[in-house]
There are 2 protein chains.
Amino acid sequence: MSKPEASTPRERYRAQVREEIKKHAWEQIASAGASALSLNAIAKRMGMSGPALYRYFAGRDELITELIRDAYRSLADTFRARAEAGPDLRDLAHALREWALADPQRYFLVYGTPVPGYQAPDDTTRIASEIMAVILDACTAGQVPDEPASPLEEHLHAHRDWAGRHPAPPSALRRALTFWTRLHGVLSLELAGQFTGMRFDPAHLYTAEAESVARD
Amino acid sequence: MSKPEASTPRERYRAQVREEIKKHAWEQIASAGASALSLNAIAKRMGMSGPALYRYFAGRDELITELIRDAYRSLADTFRARAEAGPDLRDLAHALREWALADPQRYFLVYGTPVPGYQAPDDTTRIASEIMAVILDACTAGQVPDEPASPLEEHLHAHRDWAGRHPAPPSALRRALTFWTRLHGVLSLELAGQFTGMRFDPAHLYTAEAESVARD
DNA sequence: TAGCGTTGGTGATACCTTCTAACCATCGGT
DNA sequence: ACCGATGGTTAGAAGGTATCACCAACGCTA
């Protein structure tokens, strides 16, 4: 999942055990949420007792941090993979939804409720901007160079540090952000179960929102 | 906050202690998130020891459920209060953002990451539909009776149980949902700190999204 | 091949949490 | 003045994180 190559057999064993720990952690998170993750329970399921896990992770926080990192990487990978088939916003939107529905708690680990004190590791921001670059590509692609910029677009263009060195016009900056926020809006509410009870199909709403960004 | 009137002095005292417990709970949630809520810590801060709180709440879950209920009621109240000044979507959007920024963790308690097993109490769905009714009012107000309905609007109209007996045309159903999802998309990402690092002002993006629903 | 440092695993322990059980005090109505 | 309902206490079970001291086993090196 992360580092397939290891030189010595010791390191290979270590990496393998770490992966097994993470595997059990994901199962536990998927079934009861991240807040219910228990190192003790993982250890028991792996046949070893309690404190052994501390040889592989400094503590619960470091394990969760590692899972967040993996989730980020996984999302970035699926985005990049999809983008290689052509920079289409609808495709990206569909890939995002597939990825989220495959494991809702994994989505929430990345985009869900944050713990007030917690600081995401700095390399996740690098992955986040990698994701944003793919979106910016797709937003820049099908667009005519420049129409007159709206006030919002002026503002975003004035603070475009987050776009890095990407040559996206102001309108693409705005479209990339609304792509992100609109899809997250529908998706997170759907995954949170806020639509259950209402009988409509969230997929239709989702594709309509994706369309609203693609055509404008 | 919830039941100001009580007959006997005993019940009055009980209600008062319950409110104080909730007050401390909110402080704790605001500073460390809902997952870090500790009944023991609350009891200590109130000068009484441990299990006394179980005379007032059956357990941690019931306390959190009560907080969620209060949060829902608070949001519905601010919505209704704002709606009495006239059914304007921009005003509602502004009221929502104010309410969310006042206490981000309270927002996440309502719309944030759900615990897989947990079931929201059924009376929250009643409050949720009350909120939705206000939005539907505002969406129906400034609208011409009927343009040709889009496929999404047809679908929503075919499954309009969630709108109750509200006389909203198909276009209003769609606008109400996108109002909800688009604003939640910007707001939740902002509150989660996903925009920190990017230097732009989320307020501009938020008002632009509110505008996008108001004008269409 | 013998030695030995590094590494992985163990049980004991401290300290936290939720929550139950048993006991006691106090309030308020009859 | 009595007595049940109510509120509060301590003790304790069960389970969590995390540290410590100890032990075994692996693998490199002399």
Nucleotide N/O of nucleotides 3-10 of chain D paired with protein N/O under 3.5 Å:
| residue | atom | partner | partner atom | Å |
| --- | --- | --- | --- | --- |
| D:dG7 | OP2 | B:R14 | NH1 | 3.1 |
| D:dG8 | OP1 | B:Y13 | OH | 3.1 |
| D:dG8 | OP2 | B:Y56 | OH | 2.6 |
| D:dG8 | N7 | B:R55 | NE | 3.1 |
| D:dG8 | O6 | B:R55 | NH2 | 2.1 |
| D:dT9 | OP2 | B:S49 | N | 3.1 |

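Both tests hold for A:R97 against A:Y206: distance to the six-membered ring centre under 6.0 Å, angle to the ring axis within 45°.
Per the geometry, CD belonging to B:E11 stands 18 Å off P belonging to C:dC27, to the nearest Å. Rounding to whole angstrom units, CG of residue B:D61 and C1' of C:dC19 are separated by 12 Å. Rounded to a whole Å, the CG atom of B:L63 is 10 Å from the P atom of C:dC19. The separation between B:I64 atom CD1 and C:dT17 atom P is 15 Å, rounded to whole Å. Atoms CD (A:Q16) and P (C:dG8) sit 13 Å apart, rounded to a whole Å. Put simply, OH on A:Y54 is 14 Å from C1' on C:dT13, counting in whole angstrom units.
Around the CZ atom of B:R90, the shell of radius 6.0 Å holds more than 12 heavy atoms that belong to other residues, nucleotides or ligands.
Ring pair B:F200/B:F195 is tilted by interplanar angle, where 30° to 60° counts as tilted. Classification of the A:H184-A:Y107 ring pair by plane angle, with boundaries at 30° and 60°, yields parallel.
In this structure, the side chain of B:T140 does not engage the main chain of B:A168 through any donor-acceptor pair within 3.5 Å.
At a non-hydrogen distance threshold of 4.0 Å, A:L37, A:S38, A:L39, A:N40 from residues 33-46 of chain A come into contact with DNA chain D.
Among residues two or more places apart in sequence or in another chain, the salt bridge (charged side-chain N to carboxylate O under 4.0 Å, His left out) test is passed with B:R55 by none.
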For A:R69 and A:T65, what are the C-alpha separation, side-chain angles and deciding distance, and is it a side chain to side chain contact (heavy atoms under 4.5 Å, CB included)?
CA-CA 6 Å; A:R69 221 190 305 264; A:T65 296; 3.7 Å; yes

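In this structure, A:L75 and A:T78 approach most closely via the heavy-atom pair O-OG1, 2.9 Å.
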